[in-house]
Amino acid sequence: MAPPEMLSSGEQDRGAPHVVFIPSAGMGHLLPFFRFITALSSHDVDISVVTVLPTVTTAEADHFAALFTALPRIRRINFNLLPLDASAFPGADPFFLRWESLRRSAHLLGPLLAGATPSMSAVITDVTLASQVIPIVKDELHLSCHILFPSSTTMLSLCAYFPTYLDGANADHVVSDVDVPGVRRFTKATLPQALHDPNNLFTKQFVANGRGFTKADGFLLNTFEALEPEAIAALRGGKVIPCFPPVFTVAPLKSMIPADSEKVGAGSPMAWLDEQPARSVVYVAFGNRCAVTLDQIREIAAGLETSSFRFLWVLKTTVVDREDTVELKDVLGDGFLERMQGRGLVTKAWVDQEAVLNHPAVGLFLSHSGWNSVVEAAVGGVPLLAWPRFGDHRVNATAMVSGGVGVWMEHWSWDGEDRLVSGEEIGEKVKEVMADETVRARVAKVREEAAKAVAEGGSSYRSMQEFVAKLKAN
Ligand code: UDP
Ligand code: G50
């Protein structure tokens, strides 16, 4: 808090602002929240976090626990959801269902937050809840409401423009290519699969959220200037939609304190990486919730084997981690683990991916291009070989390529297509990109830009300062 003599005339010493965070579900959404909370906690701000238990996955529960242990001054506001009849949404993704139940329980947040002490001054919500939370925060509680957008700003531009696209060219609601003004044209095949169906649960949430954006007080963006300059400028300049709220680019955000599951010890992936030569290891991971089919897993294994490189492979076979009970040797087939002993490490456990991508032994990242993975690869200066699977991954891949982080295998399979990518093709591509010095030099430059953005005076540093000043002036 500023000493009284530093306050300008008419200004009163109001005490630290009390900011309430309303995170959603899925590690790709929670990690940027937790990282932003960690960053804000060093700015003389009171923080509360709305917490829903039980979480969908074990990884989420571990990371909530780690946050409250690492930052004991943060208050936890327990939020009980109304029951949701999941049978009304047959086959729906468990995270979309959790988002829906958060959205349908949002009206309970008004009374819950009105009673908070000290009284609140601002709310930061996840985008998945935006259209439900903004009216409660603005109209009932009369507080400011910012949205933290965990995916790419390129994806945000699509989300902001999509309702206009539906209303305008397309009275029959048949979705085709979408040309986002000032950003780029997304082919139909690049859009999240769900958006092809206007009745899909995700699509309904996505469109409602996009329609609510102009009522927000601002957006916190998980990106930095040099990575997505066009999308940031197009939103700021009102090209995507008129009157888009102010945006604050805050990435790359530092990691929070590691969860217990991430502790480094003998036999851990980090200890194994320490023994490998510089840039010799291919890191393979498809985020928290990509269930690659068994046949495709076997082809990836064959590709890694024929590539002859060392590798670290984080293998998940289910959407929800606690359902992942299969044995690695059964998934990978006869003798693979024995043959790869010493050359490759395969794990189903949670790894500290940020630390992996900052390790000098890692030379390539075969990834689904989840946005946090892209930003972490940029920070580590590790070229990304993108194999998008579903949702926002292909949109992110367009931003990843133009941002200079790596290459995108556009014709490799996408969920819903019944097509295997052969081990031979995977192995060849891995060899090619491992040897590509042009890609490596470009990502090394992006790495420098990422470091500059958060260093004193950099674009993300200044954005963070501006955001904190706005909170304190409220
Ligand atoms: N992650 C990790 N260890 C794991 C799996 C995932 O640290 O074993 C982190 C990863 O570093 C990233 C996030 O989880 O920060 C995943 O988000 P992303 O947007 O890349 O993909 P998603 O999981 O949402 O598809
Ligand atoms: C999962 C997914 C598709 C997808 C995203 C996922 C995003 C994009 C951001 O997390 O994160 C976003 C999500 C929900 C929403 C608005 C914007 O209502 O399968 O695009």
Side-chain angles (χ1 to χ4, degrees), residues 24-35 57-60 62-63 92-96 98-100 102-103 125-132 147-160 162-163 190-195 200-213 219 222 251-253 255-256 258-259 261-262 269 283-291 312-316 319 321 324 347-358 365 367-377 379-380 384 386 388-396 400 415:
S24 176
M27 285 305 292
H29 288 249
L30 289 186
L31 279 178
F33 256 79
F34 292 171
R35 290 171 183 174
T57 63
T58 305
E60 292 167 285
D62 286 352
H63 283 79
D93 175 286
F95 296 96
F96 296 174
R98 174 56 66 91
W99 298 348
E100 187 64 17
L102 281 157
R103 291 171 60 81
T125 181
D126 186 80
V127 64
T128 53
L129 317 176
S131 62
Q132 298 297 112
I147 298 172
L148 195 156
F149 195 81
S151 184
S152 59
T153 297
T154 305
M155 186 66 199
L156 173 60
S157 74
L158 175 68
C159 190
F162 199 66
T190 306
L191 303 178
Q193 292 91 333
L195 292 185
N200 183 289
L201 180 60
F202 173 84
T203 308
K204 288 186 169 166
Q205 297 169 353
F206 187 82
V207 173
N209 287 328
R211 287 194 196 284
F213 281 175
F219 279 76
N222 188 13
L253 290 162
S255 180
M256 53 181 275
S261 53
E262 291 172 341
Y283 172 57
V284 184
F286 293 90
N288 301 283
R289 38 176 306 217
C290 279
L312 168 60
W313 184 2
V314 181
L315 203 165
K316 322 247 176 202
V319 172
D321 55 9
D324 199 343
T347 179
K348 283 173 47 184
W350 181 270
V351 300
D352 181 353
Q353 177 169 300
E354 202 190 15
V356 168
L357 288 167
N358 278 301
F365 182 13
S367 164
H368 67 317
S369 71
W371 189 247
N372 294 289
S373 294
V374 173
V375 176
E376 289 158 14
V379 171
L384 196 133
R389 311 305 322 226
F390 67 90
D392 54 349
H393 306 164
R394 280 186 170 171
V395 171
N396 295 341
M400 185 280 297
D415 277 10

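Fair warning: this is a prediction, and the values are worked out from it, not measured in the lab. Ligands are counted one by one from 1 in listed order, and the atoms in each one are counted from 1 as well.
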- Item | Close N or O approach (Trp99, ligand 2; < 3.5 Å) | no
Between ligand 2 and Asn209, is the shortest N or O to N or O distance under 3.5 Å? yes
Interfacing atoms of ligand 2 (cut-off 4.0 Å, heavy-atom, [X]):
X: Gln205; value: 18 (O)
X: Phe390; value: 19 (O)
X: Arg289; value: 1 (C)
X: Met155; value: 8 (C), 20 (O)
X: Phe149; value: 9 (C), 17 (C)
X: Phe96; value: 19 (O)

Got the closest protein heavy atom to [atom], with its distance?
atom: atom 12 (C) of ligand 2; value: Val127 CG1, 3.9 Å
atom: atom 7 (C) of ligand 2; value: Asp392 OD2, 3.4 Å
atom: atom 16 (C) of ligand 2; value: Phe206 CD1, 3.5 Å
atom: atom 4 (C) of ligand 2; value: Phe202 CZ, 3.5 Å
atom: atom 11 (O) of ligand 2; value: His29 NE2, 3.4 Å

In terms of its nearest heavy atom to atom 19 (O) of ligand 1, the top option of Val356, Asn372, Asp392, Asp321 is Asn372
To atom 25 (O) of ligand 1, the nearest of Met27, Gln353, His368, Glu376 on a heavy-atom basis is His368
Exercise: do [X] and [Y] side chains pair donor with acceptor under 3.5 Å:
X: Ser369; Y: Asn396; value: no
X: Thr128; Y: Gln205; value: no
X: Ser131; Y: Arg103; value: yes

The answer for which part of Leu31 has a heavy atom under 4.0 Å from ligand 1 is side chain
Identify, by atom number and element, the atoms of ligand 1 in contact range of [X], meaning under 4.0 Å from any of its heavy atoms.
X: Gly28; answer: 17 (O), 24 (O)
X: Trp371; answer: 19 (O)
X: Asn288; answer: 5 (C), 6 (C), 13 (C), 14 (O), 16 (C), 23 (O)
X: Gly287; answer: 23 (O)

TODO: Could you walk me through whether Leu102 and Ser24 pass side chain to side chain contact (heavy atoms under 4.5 Å, CB included), step by step?
DONE: CA-CA 8 Å; Leu102 281 157; Ser24 176; 4.1 Å; yes
Query - Contact with ligand 1 for His29, non-hydrogen, under 4.0 angstrom - result: no
Would you name the heavy atoms of [X] and [Y] that are closest together and state the gap between them?
X: His368; Y: Cys290; answer: CD2-SG, 3.8 Å
X: Gly380; Y: Asn358; answer: CA-OD1, 3.5 Å
X: Ala25; Y: Trp99; answer: O-NE1, 3.2 Å

Worksheet item: Going through the checks in order, is the side chain to side chain contact (heavy atoms under 4.5 Å, CB included) test met by Phe95 and Val319?
Response: CA-CA 9 Å; Phe95 296 96; Val319 172; 3.9 Å; yes
Which of Phe206, Phe202, Phe390 passes ring-ring contact (aromatic ring centres under 6.0 Å, His included) with Phe96? It is Phe202
Distance-only N or O hit between ligand 1 and Ser373, under 3.5 Å: yes
Q) Are any of the N/O atoms in Lys316 less than 3.5 Å from those in ligand 1? A) yes
### Message
For a ring-ring contact (aromatic ring centres under 6.0 Å, His included) check, start with the C-alpha distance between Phe219 and Phe149, then their side-chain angles and the critical distance, and finish with the verdict.
### Response
CA-CA 7 Å; Phe219 279 76; Phe149 195 81; 7.2 Å; no
To the nearest 0.5 Å, atom CG of Leu357 lies from atom CZ of Phe365 at 5.0 Å
Checking heavy atoms under 4.0 Å, the part of Trp371 that sits near ligand 2 is neither
Can you check whether Thr57's main-chain N or O pairs, donor with acceptor, with Asp321's side chain at less than 3.5 Å? no
* To do: Take Trp350 and Thr58, measure what side chain to side chain contact (heavy atoms under 4.5 Å, CB included) needs, and give me the verdict at the end.
  => CA-CA 10 Å; Trp350 181 270; Thr58 305; over 6 Å; no
Practice problem: Under the side chain to side chain contact (heavy atoms under 4.5 Å, CB included) rule, what do Arg98 and Glu60 come out as? Steps first, then yes or no, please. | Solution: CA-CA 13 Å; Arg98 174 56 66 91; Glu60 292 167 285; over 6 Å; no
